[in-house]
Undergrad: 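Questions regarding the structure given below will be posed in turn.
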Amino acid sequence: MNRPEVASVTPRPDVAERLARLIQIPTVSAEIDSRGHEPFESLVDLLAELYPLVHEHLSRERLGDLGLVYRWRGRGDADDGPLVLMAHFDVVPVDESDGWTHPPFSGRIADGWVHGRGALDDKGPLVVLLEAVENLLAAGFVPARDVYLSLGGDEECHGPSAETIAATFEARGIVPWMVLDEGGAVVDSPLPMVTGTAAMVGVGEKGVLTARLSTRGDGGHASMPPTLTAVRRIARAVDRLGPRTFPARTPRAISELLRRFAERANGASRTALRALAASPRATAQAFVTRGGETAALVRTTVAATMLDGGTAANVLPSQASATLNLRIALSETVEGTVARIRRRIADDQVDVEVLEASEPSPESPTDDERFTRIADAVAVSHPGAATVPYVVFAATDARYFHRFAPAVYRFAPLTMSAAQRASIHGVDERVEISELERGELFHRTLLERLG
C-alpha cells in the first residue's frame, strides 16, 4: 500500500488525559512486595482500553514478570530486521515528606502541564510512542519493516523483564535493525559555548557497578579508641576514591558532538569547538576541569552512597562498610574498574565486594541511515534542534540489546529544562502537553520514514 504522508494523520485529542490516567496508577516497582502486582495489571488493562487499535492489530506477548512485547508486522521481509521501540511503565518511589505542588499520583492537568510521578520517566515517553502507533493504525498505515514495542514494568529495579525480552529476541534469531529507548532529550544550551536547542541522542551507555567496601576492627568502649578504627579505615578508603581516581578519555561520540555543534557556532566558539573536536586529549582535560555532568561524559565516576557501622553512640563498631555506585566510562571494563579501586584504596584489610555490575555499551554509529532517520524525525517534531550524539549516564533497559544489536540509541523526544531533568526521581515531575504532541509527531515521522 502507499504510505500516507505524516500530515494526513489526525492525532487523537486528549493525550494529556490518557497520560494522567496512567500516572494515577502507582506502578512503583521497588514497592511491589508491599503493593502487589495489582497496580501493574491495572495498568496493562488500561493500556488496552486507551489504545484499542494497538491491541486489535498488533500481537502481544508477555515476557518476564512484567514485560510486554507488541509486534506490528511490516510490508518488508522479516529478515531485514525490525525496529524496536522501548519504554517502561514502572516508576520510582515517592518520599512522603517531600512537598509536591500537586500530589505525585494525582495526574493533575494544570496550566498546560501534566503533573506526577512518571510524567517524564517514563510514562510520558511511553504515551507518545503508543499515541503515534494508534494514530497511524487509524490511518491504515503499515510500516516498511516489522516494529516491536518493548515495554517493561521493572526498569527501575534493574530491568529483569527487559533482560528476558532481549534474551528471547536473541534466542529466536531476531536481530533488530535499530533499537530506540529512553535516555537523552531535547535540551537548551547543553554545553558551555553552545547555544540553542539540541536533541541529545545517546549512542552509548556507561556501565554500572555497585560495590561494597567492608572491614573489621576491634570493638570496645568509645572512650579508649585505637589509632585506626573500622569506621576510620572505611572513611580513609572512601576518601582515597576521589574525582581523579579514573583517567579521562573522550569517546568518539563526544568528539562528534563537538564537531556538529561547531557547524552551528560562529566566531571564537566555532574555533574552540573545532579545536576540541580534533583533539580528544584536550577535550578530556577541558571537560574534567568543568567538573560535574561535563566531567562525567569522559570518565568513570565513583560515589559513596551508603555507610554502615556501629550499634550505639558509645561503642566502637567491630565492623564498618560503605556502598559505592560507579558509572563506568565507555573505554573501561568492570574488571579493570574493580582492580583500580583496590589499587587506590591500597589497604588489604578493606574487602571490595561486587554487588552488581554491567559493562558499558559499545558506541552505535552516527554516520549511517539509522541515526539519520532519528535526525529527520527531530527536524519535524522539534525544528531547529541540532541532533547530536552523546553518552548516557544512567542505566536503561536498552543495555540488554547492545550485546547483539548493532545500533542501539537512547532518546526521549521531549524538551526537558534543567529543572525538569532534576525532577526525574525527584519532586514535581511534570511534562508540557505541547511536548507530548511533539513527541507523538517524532515517533509518527520515524515510523512513516522507515522505508
Side-chain angles (χ1 to χ4, degrees), residues 18-51 55 60-70 85-98 100 102-108 114-127 129-130 149-169 181-183 205 208-210 212 305-306 308 323 325 355-358 394-401 412 423-431:
R18 287 186 285 278
L19 174 57
R21 291 185 64 185
L22 292 175
I23 289 173
Q24 289 163 5
I25 301 177
T27 48
V28 183
S29 51
E31 298 175 354
I32 200 165
D33 289 342
S34 58
R35 293 180 183 268
H37 279 76
E38 192 279 329
F40 297 87
E41 295 302 323
S42 294
L43 186 138
V44 171
D45 292 341
L46 181 58
L47 290 178
E49 174 191 334
L50 298 179
Y51 301 100
H55 289 78
R60 190 187 77 178
E61 183 177 10
R62 301 192 71 157
L63 294 172
D65 288 341
L66 294 167
L68 301 174
V69 177
Y70 298 82
L85 300 173
M86 304 183 71
H88 67 89
F89 51 86
D90 64 317
V91 298
V92 295
V94 172
D95 186 335
E96 298 297 337
S97 66
D98 289 336
W100 285 64
H102 302 286
F105 294 109
S106 65
R108 184 72 58 84
V114 182
H115 300 257
R117 175 63 82 222
L120 295 173
D121 183 21
D122 188 42
K123 291 180 178 179
L126 179 148
V127 160
L129 167 57
L130 291 174
L149 312 181
S150 174
L151 311 181
D154 47 21
E155 190 271 351
E156 302 292 359
C157 292
H158 310 300
S161 293
E163 186 173 16
T164 298
I165 291 169
T168 302
F169 272 59
D181 195 7
E182 63 169 337
E205 180 174 318
V208 178
L209 172 62
T210 303
R212 180 186 291 123
T305 55
M306 300 171 66
D308 184 62
T323 300
N325 184 270
L355 303 180
E356 184 246 349
S358 63
T396 72
D397 277 344
R399 71 187 185 277
Y400 298 113
F401 276 94
S423 75
I424 295 174
H425 291 205
V427 177
D428 279 348
E429 189 175 349
R430 63 177 185 167
V431 64

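Owing to the predicted nature of the structure, the values given are computational and were not obtained by experimental measurement.
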Undergrad: Could you pull out the closest heavy-atom pair between Glu429 and Asp121, with the gap in Å?
TA: OE2-N, 2.9 Å
Undergrad: Output the distance between atom CG (Leu50) and atom CZ (Arg21), rounded to the nearest 0.5 Å.
TA: 5.0 Å
Undergrad: With no hydrogens and no angle check, is any side-chain donor or acceptor of Gln24 less than 3.5 Å from a backbone partner on Phe105?
TA: no
Undergrad: For a quick test of reading the model, state the closest non-hydrogen atom pair linking Glu156 to Ser29 and the distance between them.
TA: CB-OG, 3.7 Å
Undergrad: Can you measure from CE (Met86) to CG (Leu126) and round to the nearest 0.5 angstrom?
TA: 11.5 Å
Undergrad: When you measure from the side chain of Asp397 to the backbone of Ala162, do you find a donor-acceptor pair of N or O atoms at a distance under 3.5 Å?
TA: no
Undergrad: For Asp428 versus His102, what's the shortest heavy-atom pair and its separation?
TA: OD1-N, 4.3 Å
Undergrad: Would you find a donor on one side and an acceptor on the other, under 3.5 Å apart, between the side chain of Arg117 and the backbone of Ile424?
TA: no
Undergrad: What verdict does the side-chain contact (heavy atoms from CB on, under 4.5 Å) test give for Tyr51 and Arg18, after you've listed the backbone C-alpha separation in whole Å, the side-chain angles of each residue and the deciding distance to 0.1 Å?
TA: CA-CA 10 Å; Tyr51 301 100; Arg18 287 186 285 278; 4.1 Å; yes
Undergrad: Distance alone, cut at 3.5 Å: any donor-acceptor contact between the side chains of His88 and Asp154?
TA: no
Undergrad: Whether the side chain of Thr27 engages the backbone of Phe89 through a donor-acceptor N/O pair (distance < 3.5 Å, no angle test) should be reported.
TA: yes
Undergrad: Holding to ring-ring contact (aromatic ring centres under 6.0 Å, His included), I want the full list of residues that pass it with Tyr70, two or more places apart in sequence or in another chain.
TA: His55
Undergrad: How close do Arg399 and Thr396 get, counting heavy atoms only, and between which atoms?
TA: NH1-O, 2.9 Å
Undergrad: So which atom in Ala357 and which in Leu209 form the shortest heavy-atom distance, rounded to 0.1 Å?
TA: CB-CD1, 3.8 Å
